[in-house]
Amino acid sequence: MVTLSLHLIKVFESYMVAAICSHFNLHSRSDDIAGDQHDQKWLLSQASKIAEDTIGAKKSSFPHDGEEDHVYSYYRRVLQMGFLYKMLRTAIRNEDGPQIIRMWRYWLIYFIGAKKLNYAREEANLLANLAADWPPEIAYLHTHCRTVNMMGKPGHGKPLDQLNEHYNL
């Protein structure tokens, strides 16, 4: 399991709070989102707009003469990695095996780019086995039996390798 440092997660969360406050024009903790009760469809549409505005392909207006805005680029990469990490953690906690496998496809690109070749090799091997080498029954087991929920409560799934590490301590 890939773990980001606690500091990087806090940075991501603070960026997200700033993006949400900016999107809804909130200036203090006492401000509220204007309007009546909002349904889930509206909330999801607003989340999509925030994500597009925050990590979309917009260019910063600050640099001139073809210069690259390094602060903007860093901010954008932190948000992209934070979103990927949060999505993977949510899939694990909800014990959603197919979503975990879909997320690993994105992480494969990251591992190759970050020169984490052992992780990339293992992940590529797993994805190839799931897609072509293993019989459907084995592929189903490796997709749907990736997590364990020791609490028995929704949203408390853990990866099997993390459980194994806890037992080995």
Side-chain angles (χ1 to χ4, degrees), residues 1-20 23 37-58 73-169:
M1 174 67 195
V2 177
T3 42
L4 297 176
S5 71
L6 184 59
H7 172 73
L8 190 57
I9 292 171
K10 292 298 180 189
V11 168
F12 165 71
E13 289 173 350
S14 63
Y15 281 158
M16 284 312 305
V17 168
I20 291 168
H23 180 78
Q37 287 286 46
H38 304 292
D39 62 354
Q40 186 176 7
K41 184 177 180 181
W42 180 84
L43 186 61
L44 290 174
S45 72
Q46 293 303 306
S48 294
K49 287 178 186 175
I50 292 170
E52 289 171 10
D53 291 345
T54 305
I55 64 170
K58 298 187 308 182
S73 297
Y74 173 77
Y75 168 77
R76 192 164 171 234
R77 282 191 299 269
V78 167
L79 286 175
Q80 287 171 335
M81 293 306 301
F83 274 124
L84 282 175
Y85 180 75
K86 286 289 191 178
M87 289 173 65
L88 180 61
R89 287 297 306 149
T90 301
I92 290 169
R93 287 186 178 136
N94 292 326
E95 301 179 90
D96 186 356
Q99 178 64 19
I100 295 169
I101 298 299
R102 283 190 293 275
M103 291 306 303
W104 278 120
R105 291 180 180 143
Y106 290 104
W107 283 99
L108 175 63
I109 296 166
Y110 165 74
F111 289 143
I112 292 170
K115 306 240 186 295
K116 305 288 186 187
L117 299 181
N118 287 341
Y119 285 117
R121 192 176 306 116
E122 286 297 319
E123 191 173 332
N125 197 11
L126 170 69
L127 293 173
N129 286 334
L130 287 171
D133 291 341
W134 289 335
E137 297 82 12
I138 301 296
Y140 180 87
L141 285 174
H142 277 277
T143 300
H144 294 278
C145 298
R146 306 190 67 72
T147 59
V148 63
N149 189 338
M150 298 294 289
M151 304 290 285
K153 297 177 186 175
H156 285 81
K158 285 187 174 185
L160 285 173
D161 59 340
Q162 184 180 13
L163 178 72
N164 189 34
E165 289 173 15
H166 287 188
Y167 281 140
N168 287 336
L169 291 178

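Below, all heavy atoms of this structure are taken into account, side chains as well, without hydrogens, waters or symmetry copies. We count residues from 1, following the sequence as given.
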Correct closest heavy-atom pair for A120 and I112 would be CB-CG1, 3.8 Å

Do the ring planes of Y110 and W107 sit parallel (below 30°), tilted (30 to 60°) or perpendicular (above 60°)?
-> perpendicular

Which word best sums up how the rings of H142 and W134 line up, parallel for under 30°, tilted for 30 to 60°, or perpendicular for over 60°?
-> parallel

With rounding to the nearest 0.5 angstrom, report the [atom1] to [atom2] distance, [X] to [Y].
| X | Y | atom1 | atom2 | result |
| --- | --- | --- | --- | --- |
| L126 | R105 | CG | CZ | 9.5 Å |
| I101 | H144 | CD1 | NE2 | 9.0 Å |
| D133 | I138 | CG | CD1 | 12.5 Å |

Would you mind reporting whether P154 and E95 have side-chain heavy atoms less than 4.5 Å apart?
->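 No, their side chains stay 4.5 Å or more apart.
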
State, yes or no, whether a side-chain contact exists between R89 and K86 at a heavy-atom distance under 4.5 Å.
->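 R89 vs K86: side chains apart.
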
Looking at L88, N94, D96, T90, which one forms a side chain to side chain contact (heavy atoms under 4.5 Å, CB included) with I92?
-> L88

Does N149 reach the main-chain N or O of K153 with its side chain, forming a donor-acceptor pair under 3.5 Å?
-> yes

May I ask you to decide if R121's main-chain N or O and N125's side chain share a donor-acceptor pair within less than 3.5 Å?
->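 No; zero donor-acceptor contacts below 3.5 Å.
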
Of all residues at least two apart in sequence or in a different chain, which pass the ring-ring contact (aromatic ring centres under 6.0 Å, His included) check with Y106?
->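 In terms of ring-ring contact (aromatic ring centres under 6.0 Å, His included), with neighbours along the sequence ignored, Y106 is linked to no residue.
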
